[in-house]
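Lettering of chains follows the sequences in order, A, B, ..., and the numbering in each one begins at 1.
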Number of protein chains: 2
Amino acid sequence: MAAGNPTLYDVAREAGVSLATASRSLNGSERRVKDEYRERVLAAAAKLGYTVNASAQAVARGGTSTVALLVSDIADPYFSTIAAGVIRAAESEGLVVTMAVTERDAQREIELVRMLRGQRPRILVLAGSRFADEPSRATLVGELEAFESAGGRVVVIGQEDLPFATVAIDNAGATALARSLVELGYRRFAVLAGPADLVTARDRAAAFAAGLPTPPVIVHGAFSRDAGYAAAHDLDLDGIDAVFAVNDVMAIGAMSALRDRGVDVPGAVAVAGYDDIPTARDVSPALTTVHLPLEEAGAASVRLALGQESSLPSADVVLRASTPAR
Amino acid sequence: MAAGNPTLYDVAREAGVSLATASRSLNGSERRVKDEYRERVLAAAAKLGYTVNASAQAVARGGTSTVALLVSDIADPYFSTIAAGVIRAAESEGLVVTMAVTERDAQREIELVRMLRGQRPRILVLAGSRFADEPSRATLVGELEAFESAGGRVVVIGQEDLPFATVAIDNAGATALARSLVELGYRRFAVLAGPADLVTARDRAAAFAAGLPTPPVIVHGAFSRDAGYAAAHDLDLDGIDAVFAVNDVMAIGAMSALRDRGVDVPGAVAVAGYDDIPTARDVSPALTTVHLPLEEAGAASVRLALGQESSLPSADVVLRASTPAR
DNA sequence: TTGTAAGCGTTATCAG
DNA sequence: CTGATAACGCTTACAA
């Protein structure tokens with residue numbers, strides 16, 4: 001029974017009409033086929049279990065209906081939330097999403113862009129912050145420009161550091177957060193700043209410092225939960241009354257480390273993060289953070305690519321129990 | 001400059017060879033082309049910025065190199081972890097992943113399977129538990145059988161309730177968990193059991209009860225964090241000393257609800273979950289749960305489809321601070 | 001409105 | 001080992 005898929009030709013034959021008529025009834029633009037034929041075709045298609053061959057369609061039409069999404073790590077809630085938005089918006093436009101993971105490797109990212117280019121997606125969405133002074137940056141930009149000049153649209157979710165349409169993720173909210181914490185009575189801050197050359201991490205750390213009367217202690221590390229844990233584990237807490245991690249997963253890792261060290265949070269030191277991932281409200285104490293409209297950003301990226309302007313909610317400080325008033 | 005992509009024909013012309021030779025140098029099977037030609041082709045391709053058109057390739061070859069992945073909700077850590085595994089394994093085989101989201105809607109799932117079938121993926125992975133007595137089940141099975149008889153492979157991640165290759169997710173670990181809790185001294189249990197007709201939820205609740213000397217209190221609801229919160233919010237705690245939620249996100253929601261109610265966890269009641277999602281260890285108290293090898297399951301699904309048998313680690317009980325000895 | 005036939009970009013067969 | 005050329009499944013002028 002390993003039949004292979006029925007083709008449009010099979011359907012046409014079964015329905016007793018021409019290939020063209022079958023095509024028009026099934027996929028072609030509106031109302032150009034006599035109802036009787038159309039119905040016969042539909043019936044034949046159903047009977048044979050026909051599904052259109054998207055590849056053949058793409059070749060014939062000279063383009064696909066897919067959006068390619070490139071993320072750093074799909075298991076990270078930051079990206080999976082963005083992905084959810086991209087998929088939701090894409091589906092509502094009848095587009096299918098193909099996805100790849102860079103693992104924050106710039107070289108790998110370029111290879112993946114090339115591979116995804118091969119799919120001829122309509123839209124290519126790049127989520128995930130870039131590293132400063134990346135030698136391969138020019139190659140990446142060249143690849144993306146080639147994609148656009150061949151008719152594709154690229155959209156970046158994150159910072160405005162690539163010359164393409166971008167859905168901006170607001171990192172300046174860290175300044176407002178810093179001010180809020182100062183207002184609550186905190187004075188001596190440590191910042192778990194992530195990688196020194198990751199644009200997002202750098203921007204957030206800088207924005208946070210900008211909201212402070214005096215410079216914080218800065219600790220670098222990776223951008224992950226485990227790095228947050230490690231940094232907080234080794235942190236010299238002397239005189240520190242609040243820790244700001246440049247993203248929530250680090251902040252949550254840090255809270256775990258402090259707990260394991262026997263440090264009272266928020267009694268001895270307060271903790272704050274950035275992103276407002278879903279679990280931020282479920283850790284104990286619930287995590288103060290800056291809410292980012294990530295799902296919306298994902299959805300906005302495909303709308304932007306389609307030429308539909310849409311505005312994002314702002315990034316708002318969310319004060320929770322991890323930073324009570326002093 | 002809106003050139004459109006260069007075709008293989010362009011490359012061949014630029015290199016001064018035939019289409020066939022260009023194809024063979026770039027994609028065809030190994031070593032059949034004189035080095036000089038091959039190099040000329042490679043150079044021409046690089047110069048023109050050629051990338052193979054995957055759709056055309058698929059039409060010509062009669063098949064794609066993609067794996068289609070269907071999940072209930074990509075923002076849920078359970079699925080995003082599985083997705084990470086699928087993507088990792090797929091990439092290592094040179095396969096690209098396309099992905100869609102069912103939102104736990106059986107009708108939608110069928111539509112998506114049809115749409116994904118249109119992409120002619122090599123492999124179709126279905127993650128996400130099914131509902132019992134689904135009237136549309138037969139339709140789904142028919143669709144999947146058609147896919148297989150046309151040469152595709154379907155793999156289900158979850159329970160053995162569909163007649164296809166499946167990577168089993170072990171729900172029986174709930175019995176071991178129950179026994180562990182009894183051994184720790186707990187006696188009166190409440191189970192946040194999720195939807196009564198969701199196979200996974202039902203299996204876990206039943207398996208848990210099977211490990212108990214006396215029947216627990218059962219509360220149904222949705223399978224989400226918010227449902228866990230709601231259920232725990234309304235739960236009659238009288239005489240209850242431990243709550244088991246059939247997945248971690250519910251358990252974590254429940255912990256938040258108990259905290260909001262002013263109930264001491266684990267002092268007054270202990271809480272346990274299932275899955276061992278990454279945040280399970282970061283909530284406070286850290287959550288006792290059953291560890292599931294989700295990433296591995298995702299990766300195993302594509303390996304299984306490719307005929308490479310691979311075994312999964314077992315589901316293990318992980319005792320943490322949310323269930324101290326009584 | 002329908003059918004014929006010419007592509008779309010690749011691969012694969014089959015002679016040179 | 002190379003090069004014409006016929007598929008592959010579908011869309012879309014162009015004719016009828």
Nucleotide of C:dT2, D:dA4, C:dG9 approaching A:V59 most closely (side-chain heavy atoms): C:dG9

Reported CD1-to-CG distance for the pair A:I74 and A:L69, which is rounded to 0.5 angstrom: 7.0 Å

N/O (side chain, A:S18) to phosphate O (OP1/OP2, C:dG3) under 4.0 Å: yes

Side chains of A:S129 and A:R104, donor plus acceptor under 3.5 Å: no

From B:L8 atom CG to B:Y50 atom OH, the distance as rounded to the nearest 0.5 Å: 4.0 Å

Residue B:K34, side-chain atoms from C-beta onward, closest of C:dT10, D:dT2, D:dT12: D:dT2

Any donor-acceptor pair under 3.5 Å from A:S23 side chain to A:L19 backbone: no

Under 3.5 Å donor-acceptor, B:S80 side chain and B:A75 backbone: no

First of B:R61 and B:G16 reached from the 5' end of DNA chain D, by closest nucleotide: B:G16

Donor + acceptor pair across side chains of B:T139, B:S136 (<3.5 Å): no

Rounded distance (Å) that lies between atom C1' of D:dT11 and atom CG of A:L26: 13 Å

Touch class at under 4.0 angstrom, heavy-atom based, for A:T21 against every strand present: sugar-phosphate

Rounded interatomic separation in angstrom, taking CD from B:Q57 and P from D:dG9: 16 Å

Sugar-phosphate only, base, or nothing, as touched by A:N27 at under 4.0 Å among non-hydrogen atoms: sugar-phosphate

Residue A:A20, side-chain heavy atoms: nucleotide from C:dT11, D:dC10, C:dG3 that is nearest: C:dG3

Separation of D:dT11 C1' from A:L19 CG (nearest whole Å): 10 Å

Side chain of A:V33 (C-beta onward), nearest among D:dC10, C:dT2, C:dG3: C:dT2

Under 3.5 Å donor-acceptor pair, B:R24 side-chain atoms to D:dG3 base atoms: yes

Whole-Å gap separating P (D:dC8) and CG (A:N5): 14 Å

Separation of C:dT1 P from A:R38 CZ (nearest whole Å): 11 Å

Relative orientation of the end axes in the helix from C:dT1-D:dA16 to C:dG16-D:dC1, expressed as an angle to the nearest 10° (five pairs per end): 40°

Atom pair distance, as rounded to whole Å: CZ in B:R13 and P in D:dT2: 20 Å

Between C1' of C:dT10 and CZ of A:R120, the distance in whole Å: 11 Å

Separation of D:dA4 C1' from B:Y9 OH (nearest whole Å): 12 Å

B:R38 and B:T21 side chains, donor-acceptor separation under 3.5 Å: no

